[in-house]
Amino acid sequence: MRSDLQDNRATQLRVLSGLYGATAVALTGNISIVAEGPALHFYDANGANRTLTLPALERGRFYMIVNYGAANSLIVQNAAASTIVTLAA
């Protein structure tokens, strides 16, 4: 093993500013993603179409959003409330 890599430990790793971690939520209303949250978001629209608002655009930051519900859509909007995509169930 290379001596400059031995015993290194890393916490709060980021890949292009996307924090490792995930959110899985059955929504009860619309939601806004916070800029410092995790990169992976799994949502169930849970009985109604829901709107998900992204934070302001920031270079290098990314989010993966999944609608895992059996019905209803997840409408993804940018910070200016323009629809980017609608994720059907």
Side-chain angles (χ1 to χ4, degrees):
M1 176 169 256
R2 292 175 35 185
S3 62
D4 60 337
L5 295 178
Q6 277 185 314
D7 299 321
N8 280 337
R9 293 189 179 140
T11 60
Q12 298 283 332
L13 295 175
R14 292 178 185 243
V15 174
L16 295 175
S17 297
L19 287 172
Y20 284 106
T23 300
V25 177
L27 298 174
T28 57
N30 296 333
I31 189 166
S32 294
I33 293 179
V34 296
E36 293 300 321
L40 305 175
H41 296 268
F42 299 89
Y43 296 109
D44 179 348
N46 196 24
N49 292 337
R50 308 288 182 186
T51 300
L52 181 142
T53 305
L54 296 172
L57 191 60
E58 184 179 337
R59 182 178 181 203
R61 190 165 301 279
F62 67 93
Y63 303 95
M64 181 187 302
I65 301 163
V66 176
N67 181 359
Y68 72 86
N72 301 103
S73 296
L74 193 58
I75 302 155
V76 180
Q77 296 182 339
N78 63 18
S82 296
T83 298
I84 298 169
V85 67
T86 298
L87 302 173

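Keep in mind it's a predicted model, so treat the numbers as computed, not measured.
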Side chains of [X] and [Y] in contact at under 4.5 Å (non-hydrogen atoms):
| X | Y | result |
| --- | --- | --- |
| Ile33 | Thr23 | no |
| Asn30 | Thr53 | no |
| Leu87 | Val66 | no |
| Met64 | Phe62 | no |
| Asn72 | Arg50 | no |

Side-chain (Tyr63) to main-chain (Ala35) donor-acceptor, under 3.5 angstrom: yes
Look at the side chain of Asn46 and the backbone N and O of Leu27, then say whether any donor-acceptor pair between them is shorter than 3.5 Å. yes
Decide whether Val85 and Ile65 are clustered together by the hydrophobic rule: side chain heavy atoms of Ile, Leu, Val, Met, Phe, Trp, Tyr closer than 4.5 Å, transitively. yes
Measure the [atom1]-[atom2] distance between [X] and [Y] for me, rounded to the nearest 0.5 Å.
| X | Y | atom1 | atom2 | answer |
| --- | --- | --- | --- | --- |
| Gln77 | Thr86 | CD | OG1 | 9.0 Å |
| Leu52 | Ile31 | CG | CD1 | 6.5 Å |
| Ile75 | Asn49 | CD1 | CG | 5.0 Å |
| Tyr68 | Leu74 | OH | CG | 11.0 Å |

Between [X] and [Y], which heavy-atom pair has the shortest distance, and what is it?
| X | Y | result |
| --- | --- | --- |
| Pro38 | Ala22 | CB-N, 3.9 Å |
| Ala89 | Gly69 | CB-O, 3.3 Å |
| Ala88 | Ser73 | CA-OG, 3.8 Å |

